[in-house]
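One structure below.
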2 protein chains.
Amino acid sequence: MSKPPVADPRRTLTLRDVSEASGVSEMTVSRVLRNRGDVSETTRERVLQAARALGYVPNKIAGALASQRVNLVGVIIPSMSNMVFPEVMTGISETLEDTGLQPVVGITNYSPEREEAVLYEMLSWRPSGVIIAGLEHSEAAQAMLESAGIPIVEIMDIDGMPVDSAVGISHRRAGLKMAEAIVAAGYRRIGFLGTKMPDDHRARKRLEGFKEGLAEAGLTLADEEYYAGGSALLKGREMTETILTRSPDLDFLYYSNDMIGAGGLLYCLDKGIDVPGRLGLAGFNGVELLDGLPRKLATMDACRREIGVHAAEIIAGKHPTAVVGGEVIELFPTLEPGDTIRKG
Amino acid sequence: MSKPPVADPRRTLTLRDVSEASGVSEMTVSRVLRNRGDVSETTRERVLQAARALGYVPNKIAGALASQRVNLVGVIIPSMSNMVFPEVMTGISETLEDTGLQPVVGITNYSPEREEAVLYEMLSWRPSGVIIAGLEHSEAAQAMLESAGIPIVEIMDIDGMPVDSAVGISHRRAGLKMAEAIVAAGYRRIGFLGTKMPDDHRARKRLEGFKEGLAEAGLTLADEEYYAGGSALLKGREMTETILTRSPDLDFLYYSNDMIGAGGLLYCLDKGIDVPGRLGLAGFNGVELLDGLPRKLATMDACRREIGVHAAEIIAGKHPTAVVGGEVIELFPTLEPGDTIRKG
DNA sequence: GTGAAAGCGCTAACAC
DNA sequence: GTGTTAGCGCTTTCAC
């Protein structure tokens with residue numbers, strides 16, 4: 001029994017090889033492999049058999065060029081390591097799963113220059129759509145997005161002017177709402193702990209909204225502390241120690257994310273500080289991690305998975321309400337008071 | 001002052017448009033845009049100017065088809081959410097950054113079927129190489145990898161037969177080493193807590209090596225507990241409570257990952273259990289999170305970033321030692337005893 | 001230093 | 001149901 005005739009193994013297989021092996025025209029082979037058009041069951045079988053036997057993998061590059069269709073969706077996000085974007089990705093992947101579309105991820109590290117480069121690279125593959133975090137982009141990136149001629153969904157944030165569609169929450173209002181809750185609970189000497197990230201516009205807007213909320217009650221931030229790099233949990237501990245040493249009379253600490261907030265909480269528990277009686281704490285994001293902590297940190301859910309789902313639906317053209325393009329979908333984060341804000 | 005002449009905005013721009021706008025042949029435009037071949041500074045400027053003015057983005061699909069070269073590297077990993085793969089990705093991205101190669105990520109959720117589908121999809125874009133987690137693949141996936149005709153690097157694990165190159169640690173030996181350390185520290189009634197994941201071969205191999213290490217000392221696992229889904233930190237607490245209730249005489253708990261281990265540690269601290277005196281604990285991975293915990297969990301670093309760096313170097317053809325292809329690069333995890341294993 | 005011709009591997013559109 | 005023809009937008013090769 002001899003092996004089936006296989007073409008030069010160094011060359012990758014083409015439709016023509018399958019065509020020759022099966023005795024069916026290239027065109028019909030193509031139809032079978034794409035499940036397009038009517039093909040008799042007999043030829044169908046013959047083609048599939050030949051393709052399998054050869055181990056043929058279609059060349060999507062050629063296919064895309066000929067059909068002017070690319071089943072790729074570019075997803076551009078700042079980071080993969082901070083727990084928030086992986087969840088957005090989960091929502092996107094799930095939703096795209098049965099649409100034939102495939103996400104392709106690019107990471108910017110919060111750098112506008114890298115964002116521009118990644119976007120350029122992606123657009124050069126002519127994807128069916130782009131999902132990109134944030135509303136702030138370099139001038140060139142903005143221009144590319146505007147003239148791309150494909151659906152663009154800017155995610156996470158809706159405080160600004162989207163190029164096309166947007167799905168997200170108002171970080172400004174999220175900050176405002178948290179400030180109001182804190183003030184209502186009776187806290188007055190409030191400190192803020194955040195990241196040194198000039199290009200994290202969402203964190204910036206949250207802080208702006210937060211200060212606005214304090215201002216409504218005639219308050220201002222009593223102290224602030226910033227960090228960059230390293231283990232967020234550890235940094236949270238360190239920053240908390242620093243700020244409390246400098247301003248021992250603070251009665252509330254607002255953290256720009258849950259990880260540093262969790263670090264702060266652990267620090268306070270270590271030191272035996274009465275939380276939330278003497279000191280209240282709150283973070284932002286609603287990360288699942290908080291569920292395992294000894295005490296539950298107050299936070300605000302950023303609707304991460306949901307944002308991914310909506311964005312993907314828009315790109316796939318199967319969003320229940322957004323159909324024309326150019327919609328802004330606002331989601332509303334819920335405040336989860338946990339155990340670190342006084343009741344009443 | 002009239003606007004520059006712009007072609008039909010619904011059509012995406014082609015080289016021809018730039019050629020016409022600049023009065024330079026398509027061929028020369030192509031050379032300028034790729035920095036290939038000698039082009040006079042004058043024409044160069046003229047072309048770049050025209051391209052910028054039009055907002056031309058090259059079509060890589062056509063380019064790739066013509067040149068038979070694709071600057072994409074497929075990266076296939078099980079998950080993005082468990083802290084280990086994002087770090088591998090970081091290593092890959094950094095290393096690829098100045099090679100002109102771009103990573104494209106596919107997620108399998110530890111499902112062999114999805115892995116097969118993702119791999120097929122990726123290969124159909126004819127990438128320059130594939131980095132894929134693990135040595136275990138479906139038969140079809142294995143066949144695709146073998147006949148892909150491009151560099152393949154299987155990462156994370158080296159206990160098995162790679163298709164081409166491999167970079168990783170021996171999870172079997174990692175488990176063994178941990179068992180030996182635990183036994184040496186005098187623990188005798190040892191429990192294991194892990195995930196219900198038949199397709200997480202690395203966790204499986206670690207456990208096998210661990211049991212082997214116990215067997216060397218004439219010991220066997222005293223109890224086991226498994227979980228699936230949910231917040232790993234919270235699950236760690238719950239499982240720890242469950243197993244300690246069922247087997248109160250256990251003197252050591254070995255967790256299959258640091259997150260559930262951290263949950264267990266927090267539980268023990270809550271309950272006032274003497275760690276590591278009455279009960280020792282250890283996890284696996286060496287996640288940065290551990291640095292912020294009240295006590296440092298014993299763990300073993302999985303060399304995640306380093307694995308990404310080596311794998312990318314192999315694909316980019318710039319690995320210091322691996323040059324022929326087909327190499328196996330073994331990295332050696334270090335045991336970090338932290339504060340949860342008795343000294344001596 | 002620049003241009004013209006051919007073709008990469010597919011699929012749209014149309015015949016049969 | 002199946003086959004033929006033309007071309008997608010680039011780059012390779014070779015001529016000038």
Side-chain angles (χ1 to χ4, degrees), chain A residues 7-8 10-48 50-51 54 56-72 100 121 123-128 149, chain B residues 7-8 10-48 50-51 54 56-72 100 121 123-128 149:
Chain A
D8 177 355
R10 282 160 314 184
R11 200 172 55 69
T12 72
L13 270 21
T14 69
L15 259 192
R16 178 186 206 102
D17 297 307
V18 182
S19 166
E20 284 172 357
S22 63
V24 176
S25 79
E26 287 187 38
M27 196 53 234
T28 301
V29 171
S30 166
R31 280 196 268 256
V32 170
L33 264 22
R34 286 177 298 144
N35 283 315
R36 282 244 190 303
D38 289 333
V39 179
S40 77
E41 194 49 40
T42 337
T43 23
R44 201 185 138 65
E45 272 314 316
R46 213 148 28 114
V47 167
L48 287 177
L54 293 173
Y56 171 70
V57 177
N59 185 330
K60 288 225 179 188
I61 297 173
L65 185 60
S67 67
Q68 309 277 55
R69 245 192 304 270
V70 178
N71 69 337
L72 263 25
E121 179 72 18
L123 289 180
S124 73
W125 286 100
R126 303 289 187 265
S128 297
Chain B
D8 177 355
R10 283 160 314 184
R11 199 171 57 66
T12 71
L13 269 22
T14 69
L15 259 192
R16 178 187 205 101
D17 296 306
V18 182
S19 166
E20 284 171 358
S22 63
V24 175
S25 79
E26 287 188 37
M27 196 51 236
T28 301
V29 171
S30 166
R31 281 197 267 256
V32 170
L33 265 21
R34 284 177 300 144
N35 284 314
R36 284 244 188 300
D38 289 334
V39 179
S40 76
E41 196 49 41
T42 337
T43 17
R44 199 186 140 64
E45 271 315 316
R46 215 151 22 117
V47 168
L48 287 177
L54 293 173
Y56 171 69
V57 177
N59 185 331
K60 288 225 179 187
I61 297 174
L65 185 59
S67 67
Q68 309 277 56
R69 248 193 303 270
V70 178
N71 69 337
L72 262 25
E121 180 71 19
L123 289 180
S124 73
W125 286 100
R126 302 290 187 265
S128 298

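Lettering follows sequence order; numbering is per chain, from 1.
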Mind calculating the distance between [atom1] ([X]) and [atom2] ([N]) to the nearest angstrom?
X        : N       : atom1 : atom2 : result
Arg11(A) : dG9(C)  : CZ    : C1'   : 11 Å
Glu26(B) : dC10(D) : CD    : C1'   : 8 Å
Ile61(A) : dT11(C) : CD1   : P     : 13 Å
Leu15(A) : dG3(D)  : CG    : P     : 13 Å
Asn71(B) : dT11(D) : CG    : P     : 12 Å

Report yes if at least one side-chain N or O of Tyr56(A) is closer than 4.0 Å to OP1 or OP2 of dC10(C); otherwise report no.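 True: Tyr56(A) side-chain N/O within range (under 4.0 Å) of dC10(C) OP1/OP2.
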Using a cut-off of strictly less than 4.0 Å, decide whether Arg69(B) has a side-chain nitrogen or oxygen near OP1 or OP2 of dT12(D).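 Yes, Arg69(B) has a side-chain N/O under 4.0 Å of OP1/OP2 on dT12(D).
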For Ser67(A) and Gln68(B), find the nucleotide of DNA chain C closest to each by heavy atoms; which residue's nucleotide sits nearer the 5' end?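 This one resolves to Gln68(B).
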For the side chain of Met27(B), starting at C-beta, report the closest nucleotide among dT11(D), dT4(D), dG9(C). dT11(D)
So do the side chains of Arg44(B) and Asn35(B) get within less than 4.5 Å of each other, counting heavy atoms only?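 They are in contact (side-chain heavy atoms under 4.5 Å apart), so the answer is yes.
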Report yes if the side chains of Lys60(A) and Glu121(B) come closer than 4.5 Å at any heavy-atom pair, otherwise no.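 A side-chain contact exists here, since the closest heavy-atom pair is under 4.5 Å.
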Per the under-4.0 Å heavy-atom filter, residues of residues 28-46 of chain B near DNA chain C come out as Thr28(B), Arg31(B), Asp38(B), Val39(B), Ser40(B), Thr43(B)
In terms of side-chain geometry, is the basic nitrogen of Asp17(A) or Arg11(A) positioned less than 4.0 Å from the acidic oxygen of its partner?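 Looking at Arg11(A) together with Asp17(A), the answer is yes, because their closest N to O distance falls below 4.0 Å.
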